*Asks:* 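Next up is a structure, given as structure tokens.
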Amino acid sequence: MKTVAIITPIYATSENGRLDLFHHTCNSVAKQDLSIDSRLVYIVVDDGSTVDVEEFLREEGFLRDCHNIMIRYIKRERLPSDLKTASNALNMGIDLCIERSRDAFTESDANNLYGVGFLHSDDLLTPDSVETRLGYLDNGFVYGDMAFFNNKGRVIDIRKGDAKLNKEDIPVIKNYSRFNHHTIMWQVEFLRYLKDFAARKYEQSGVFDPLLSH
């Protein structure tokens with residue numbers, strides 16, 4: 001059995017209405033169509049919200065474990081020096097995965113953890129999103145298409161995740177119209193390598209740079 005972790009950072013206040021969007025995000029996770037050999041651990045990192053995100057999850061029934069989907073709530077205290085970015089919360093979730101922490105995983109899920117992705121608190125997954133990416137994860141990481149739609153549910157654009165390499169267009173990873181970073185999923189061991197690389201190359205403690213505004 002393979003376990004996949006999806007990390008969602010959230011900063012919710014009474015003013016920003018984020019919980020209204022987050023409800024749909026959680027629903028899209030809960031409705032993942034997983035094979036009998038797959039498990040999903042959904043890690044919600046509360047990044048210093050001023051409303052009770054944990055109680056929201058409990059009232060909406062999202063903290064109730066299913067047979068193959070488990071939701072874990074993690075609280076992070078936002079520092080006054082933090083920029084308004086999800087990087088610190090994402091790094092915290094990634095560290096829980098790399099360390100296979102019992103704060104987020106059962107012993108069985110920790111031992112079988114294979115893939116890690118992230119999902120912002122105003123984004124949605126298609127029902128086959130996790131299982132499809134898991135099937136193509138053998139090379140270290142994978143990413144796919146990304147759709148944009150309006151508040152009536154109408155798709156207004158689809159950005160293709162084109163991974164083709166051309167000699168005159170290397171490395172394509174710098175072209176964000178072709179590299180849909182929001183859809184990325186890593187093997188957990190590749191993610192460990194990526195964190196070590198960022199530490200050596202940029203002297204930063206996490207995969208995402210908390211000093212960048214995006």
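What you see is a predicted model; the values in this text were computed from it and never measured.
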*Asks:* Which heavy atom of Leu125 sits nearest a heavy atom of Gln32, and at what distance?
*Replies:* CB-NE2, 3.5 Å
*Asks:* Considering only residues two or more places apart or on different chains, which pairs with a residue in residues 25-42 satisfy salt bridge (charged side-chain N to carboxylate O under 4.0 Å, His left out)?
*Replies:* Arg39-Asp109
*Asks:* For residues Ser87 and Asp209, determine if any side-chain heavy atom of one lies less than 4.5 Å from a side-chain heavy atom of the other.
*Replies:* no
*Asks:* What I want to check is whether the side chains of Ser108 and Thr106 have a donor and an acceptor closer together than 3.5 Å.
*Replies:* no
*Asks:* Decide yes or no for Leu90 and Val207: does some side-chain heavy atom of the first lie under 4.5 Å from some side-chain heavy atom of the second?
*Replies:* no
*Asks:* With Glu99, which residues qualify under salt bridge (charged side-chain N to carboxylate O under 4.0 Å, His left out), at least two apart?
*Replies:* none
*Asks:* Could you tell me the separation between the OH atom of Tyr42 and the CD1 atom of Ile71, rounded to the nearest 0.5 Å?
*Replies:* 7.0 Å
*Asks:* Between the side chain of Arg133 and the main-chain N/O of Ser129, is any donor-acceptor distance below 3.5 Å?
*Replies:* yes
*Asks:* Name all pairs fulfilling the salt bridge (charged side-chain N to carboxylate O under 4.0 Å, His left out) condition that reach into residues 80-90, sequence neighbours left out, sorted by first residue then second.
*Replies:* Arg76-Asp82
*Asks:* Between the main-chain N or O of Ser121 and the side-chain N or O of Thr25, is there a donor-acceptor pair closer than 3.5 Å?
*Replies:* yes
*Asks:* Ignoring hydrogens and geometry, is there a side-chain-to-backbone donor-acceptor pair from Asn150 to Arg154 under 3.5 Å?
*Replies:* yes
*Asks:* In Å, rounded to the nearest 0.5 Å, how long is the span from OG1 of Thr8 to CD1 of Ile74?
*Replies:* 12.5 Å
*Asks:* Say you draw a straight line from NZ of Lys2 to CD of Gln187; how long is it, rounded to the nearest 0.5 Å?
*Replies:* 8.0 Å
*Asks:* What's the shortest heavy-atom distance between Ala147 and Val155, and which atoms?
*Replies:* CB-CG1, 4.4 Å
*Asks:* Can any side-chain N or O of Asp123 pair as donor or acceptor with the backbone N or O of Leu119 at less than 3.5 Å?
*Replies:* no
*Asks:* Is any side-chain heavy atom of Val51 closer than 4.5 Å to a side-chain heavy atom of Leu19?
*Replies:* yes
*Asks:* To the nearest 0.5 Å, what is the distance between CD1 (Ile10) and CG (Asp46)?
*Replies:* 7.0 Å
*Asks:* Can you confirm whether the side chains of Ser38 and Ser35 place a donor and an acceptor under 3.5 Å from each other?
*Replies:* yes
*Asks:* Does anything in residues 198-208 pair up under side chain to side chain donor-acceptor pair (under 3.5 Å), and if so which pairs, sequence neighbours excluded?
*Replies:* none
*Asks:* Of the non-hydrogen atoms in Ala5 and Ile43, which two are nearest, and what is the gap between them?
*Replies:* CB-CD1, 4.3 Å
*Asks:* Would you say the side chain of Val44 lies within less than 4.5 Å of the side chain of Arg72, judging by non-hydrogen atoms?
*Replies:* no
*Asks:* For residues 184-193, which residue pairs qualify under salt bridge (charged side-chain N to carboxylate O under 4.0 Å, His left out), counting only residues two or more places apart or in two chains?
*Replies:* Arg100-Glu189, Glu189-Arg192
*Asks:* Nearest 0.5 Å please: distance from the CG atom of Asn27 over to the CG atom of Leu124.
*Replies:* 9.0 Å
*Asks:* Given side-chain contact (heavy atoms from CB on, under 4.5 Å), test Val116 with Val4 step by step and report yes or no.
*Replies:* CA-CA 6 Å; Val116 179; Val4 176; over 6 Å; no
*Asks:* Between the main-chain N or O of Ala12 and the side-chain N or O of Ser49, is there a donor-acceptor pair closer than 3.5 Å?
*Replies:* yes
*Asks:* Which residue pairs pass the salt bridge (charged side-chain N to carboxylate O under 4.0 Å, His left out) test when at least one of the two sits in residues 6-24, sequence neighbours left out?
*Replies:* Arg18-Asp122
*Asks:* Which residues pass the ring-ring contact (aromatic ring centres under 6.0 Å, His included) test with Phe118, sequence neighbours left out?
*Replies:* His120, Phe208
*Asks:* Give the other cluster members for Phe148, using side-chain heavy-atom distances under 4.5 Å between Ile, Leu, Val, Met, Phe, Trp and Tyr residues; answer none if it is isolated.
*Replies:* Met146, Ile156
*Asks:* Given side chains that start at C-beta, do those of Ile184 and Val142 come closer than 4.5 Å, heavy atoms only?
*Replies:* no
*Asks:* By the definition ring-ring contact (aromatic ring centres under 6.0 Å, His included), identify the one residue from Trp186, Phe190, Tyr136, Tyr193 that meets it with Phe141.
*Replies:* Phe190
*Asks:* State whether the side chain of Thr183 and the backbone N or O of Gly144 hold a donor-acceptor pair below 3.5 Å, judged by distance alone.
*Replies:* yes
*Asks:* Classify the ring geometry of Phe56 against Phe62: parallel below 30°, tilted from 30° to 60°, perpendicular beyond 60°.
*Replies:* tilted
*Asks:* Look up atom CD1 in Ile158 and atom CG in Asn180, then write down how far apart they are to the nearest 0.5 Å.
*Replies:* 11.0 Å
*Asks:* Tell me whether Leu63 shares a hydrophobic cluster with Phe22, the cluster being built from Ile, Leu, Val, Met, Phe, Trp, Tyr side chains joined at under 4.5 Å.
*Replies:* yes
*Asks:* In chain order, what residues pass the ring-ring contact (aromatic ring centres under 6.0 Å, His included) check against Phe197, with sequence neighbours excluded?
*Replies:* none
*Asks:* Kindly indicate, with the supporting measurements, whether the criterion salt bridge (Lys or Arg N to Asp or Glu O under 4.0 Å) is fulfilled by Lys195 and Asp95.
*Replies:* CA-CA 9 Å; Lys195 181 181 178 180; Asp95 287 345; 2.7 Å; yes
*Asks:* Return the set of residues passing side-chain hydrogen bond (donor to acceptor under 3.5 Å, both in side chains) with His182 (not counting sequence neighbours), or none when no residue passes.
*Replies:* none
*Asks:* Going by heavy atoms in the side chains, are Leu40 and Leu34 under 4.5 Å from each other?
*Replies:* yes
*Asks:* Please identify each residue that fulfils ring-ring contact (aromatic ring centres under 6.0 Å, His included) with Tyr73, with sequence neighbours left out.
*Replies:* none
*Asks:* Are side-chain N/O atoms of Tyr114 and Thr3 paired as donor and acceptor at under 3.5 Å?
*Replies:* no
*Asks:* Which residues pass the salt bridge (charged side-chain N to carboxylate O under 4.0 Å, His left out) test with Glu131, sequence neighbours left out?
*Replies:* none
*Asks:* How close do Ile69 and Ala30 get, counting heavy atoms only, and between which atoms?
*Replies:* CD1-O, 3.5 Å
*Asks:* Are Leu191 and Met92 connected, step by step, through hydrophobic side chains (Ile, Leu, Val, Met, Phe, Trp, Tyr) whose heavy atoms are closer than 4.5 Å?
*Replies:* yes
*Asks:* Tyr11 and Gly48: which non-hydrogen atoms are nearest, and at how many Å?
*Replies:* CE1-O, 3.3 Å
*Asks:* Does Ile36 have more than 12 heavy atoms from other residues, nucleotides or ligands lying within 6.0 Å of its CD1?
*Replies:* no
*Asks:* Closest approach of Met185 and Leu137, non-hydrogen atoms and distance?
*Replies:* O-CD1, 3.3 Å
